[in-house]
Amino acid sequence: MKNLVFREDVLAWNYMLDDARKLAEERNVKFSKRQIRIGIDMPESTFGKYCTGEGLRINFRYYMKYCNFMKRDPVEFFENLIKKILQDREEHPELYDY
């Protein structure tokens with residue numbers, strides 16, 4: 001991550017993928033990044049950039065599409081995401097500029 005101002009974007013993206021893995025395990029179904037990409041209607045090249053941490057700021061609608069696709073409560077999803085970002089900011093305050 002060259003620009004740590006956007007560290008929270010990388011954390012959020014990885015949180016979404018981890019959340020999808022956990023939901024797949026709970027539901028006893030196979031997890032696939034390809035299924036997530038198709039479910040949130042994101043172009044393959046853009047999805048690849050986010051998976052490697054090279055993506056720019058992600059559009060909020062993709063997280064909403066993820067919650068809808070996975071039949072996930074968006075309030076719970078975002079609440080847990082915020083907690084994760086705040087915890088990281090507390091552990092690594094030097095990596096944030098706010």
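Atom set for the values below is all heavy atoms of this structure, side chains included, hydrogens, waters and symmetry mates excluded. Note that the numbering runs from 1 along the sequence shown for the chain.
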Kindly compute the distance separating CZ (Arg72) from CZ (Phe77), expressed to the nearest 0.5 Å. 7.0 Å

Does a side-chain heavy-atom distance below 4.5 Å link Arg34 with Ile38? yes

Just how far is it from atom CG of Leu86 to atom CG of Leu81, taken to the nearest 0.5 Å? 9.5 Å

Taking side chain to side chain donor-acceptor pair (under 3.5 Å) as the criterion, tell me which of Lys83, Glu91, Lys84 meets it with Gln87. Glu91

Between Asp19 and Lys22, does at least one N-O distance fall below 4.0 Å, as a salt bridge requires? no

Contact summary for Cys51 and Leu17, nearest pair of heavy atoms: SG-CD1, 4.2 Å

Separation between CG (Asp9) and OH (Tyr50), nearest 0.5 Å, reads 7.5 Å

Note: Arg57-Glu8 ion pair, threshold 4.0 Å (strictly below): yes

Side chain proximity check, Ile58 to Met42, heavy atoms < 4.5 angstrom: yes

Path from Val29 to Met70 over hydrophobic side-chain contacts below 4.5 Å: no

Looking at CZ of Arg89 and CD1 of Ile82, how far apart are the two atoms once the value is rounded to the nearest 0.5 Å? 10.0 Å

Using the ring pair (Phe, Tyr, Trp, His ring centres under 6.0 Å) rule, take Tyr62 and Phe47 through it: C-alpha gap first, then chi angles, then the decisive distance, then the call. CA-CA 11 Å; Tyr62 286 119; Phe47 190 85; 9.3 Å; no

Kindly state whether the ring of Tyr66 and the ring of Tyr15 have centres lying under 6.0 angstrom apart. no

Flag side-chain contact, heavy atom, 4.5 Å: Tyr96 against Glu94: no

Nearest-0.5 Å distance that lies between atom CZ in Arg21 and atom CD in Glu26: 14.0 Å

Cluster link Leu95 to Leu11, ILVMFWY, side chain under 4.5 Å: yes

Shortest non-hydrogen contact between Pro74 and Cys67, atoms and distance: CA-SG, 3.7 Å

Hey, what do you get for CD (Glu79) to CD (Glu76), rounding to the nearest 0.5 Å? 7.5 Å

Is there side-chain contact between Phe69 and Ile36, with heavy atoms separated by less than 4.5 Å? yes

